[in-house]
Amino acid sequence: MRTAAFLLALVGAVACVGLGLFLVGSAYARGAQVERLETSAHRARFEEGARHGRADADARKNAAIVLLIAGVVGGIGAGLVRTRPMHAVPFLAIGGVVPAFGALWAICPSAPIALAALVALAGKDEEPPPEAPAYEPRTW
């Protein structure tokens, strides 16, 4: 179960960081687009669109920041889940749920992290492998 929780947390952390980095670039490109629109000669015609574009760019920046933080926290939880699963559960729960407060759709890439928290919490510890019998050299 620890391995399953580790893999789920790792996939979720990579998805959160990847989407967060994509959104950072997208938000800054959208902001530059809005800047050009606000300084253009047709400003009066596109003023409503510029206002919505600015709000969209700000929402993307906020969602990107929340996803990047969730990815880092989920990565910390993924590192802890193999050795100390009960210590990793708070990190995984925070990394899996917090992106929903930034943007509701951001729960999609962080869902594997939340699922990893449930697996780490409910999963049983794996049995250690049986100890090998002692080696007895032949004396004949």
Side-chain angles (χ1 to χ4, degrees):
M1 288 303 241
R2 290 180 183 183
T3 304
F6 171 72
L7 291 176
L8 281 169
L10 194 62
V11 166
V14 168
C16 284
V17 169
L19 186 61
L21 290 175
F22 173 76
L23 285 175
V24 166
S26 174
Y28 282 108
R30 180 78 172 181
Q33 200 176 33
V34 169
E35 291 291 330
R36 284 193 304 271
L37 184 63
E38 287 176 342
T39 59
S40 70
H42 306 288
R43 182 175 180 203
R45 183 174 164 198
F46 295 112
E47 190 166 343
E48 185 71 23
R51 196 168 38 242
H52 288 298
R54 174 70 62 200
D56 183 47
D58 290 340
R60 286 184 189 191
K61 285 179 189 175
N62 293 339
I65 291 169
V66 170
L67 278 172
L68 288 172
I69 291 171
V72 169
V73 172
I76 292 170
L80 286 174
V81 77
R82 296 195 81 178
T83 57
R84 298 182 178 147
M86 287 302 141
H87 290 102
V89 169
F91 288 103
L92 294 172
I94 289 169
V97 175
V98 167
F101 295 111
L104 191 57
W105 54 265
I107 196 77
C108 293
S110 68
I113 299 174
L115 188 60
L118 292 175
V119 169
L121 187 62
K124 291 184 178 180
D125 288 340
E126 297 169 351
E127 293 290 326
E131 193 170 315
Y135 176 71
E136 297 178 18
R138 296 181 190 233
T139 57
W140 39 278

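One-based numbering along the sequence shown. Keep in mind that the numbers below use all heavy atoms, side chains included, and drop hydrogens, waters and symmetry copies.
At least one side-chain heavy atom of Val98 sits less than 4.5 Å from a side-chain heavy atom of Val66. Here the side chains of Leu23 and Leu19 are in contact, with some heavy-atom distance below 4.5 Å. Side-chain contact between Lys61 and Val24 is absent, with no heavy-atom pair separated by less than 4.5 Å. Here the side chains of Met86 and Leu121 are in contact, with some heavy-atom distance below 4.5 Å.
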Pair up each side-chain donor or acceptor in residues 6-14 with any protein partner under 3.5 Å, not counting sequence neighbours, and list the distances.
none

Return a table of donor-acceptor pairs under 3.5 angstrom between the side chains of residues 107-114 and protein atoms on other chains or two or more places apart.
unit_1 : atom_1 : unit_2 : atom_2 : d
Ser110 : OG     : Gly96  : O      : 3.0
Ser110 : OG     : Ala106 : O      : 3.4
Ser110 : OG     : Ile107 : O      : 3.3

Below 3.5 Å, can you tabulate the donor-acceptor pairs from side chains in residues 71-78 to any protein atom, sequence neighbours excluded?
none

Next item on the list: Given side-chain contact (heavy atoms from CB on, under 4.5 Å), test Leu67 with Val17 step by step and report yes or no.
Entry: CA-CA 6 Å; Leu67 278 172; Val17 169; over 6 Å; no
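Nearest approach of Leu92 to Ala120, heavy atoms of both residues: CD1-CB, 4.5 Å. Of all non-hydrogen atoms in Val81 and Ala5, the two that sit nearest each other are CG2-CB, 3.7 Å. In terms of heavy atoms, Arg82 sits closest to Arg2 at O-NH1, 3.2 Å.
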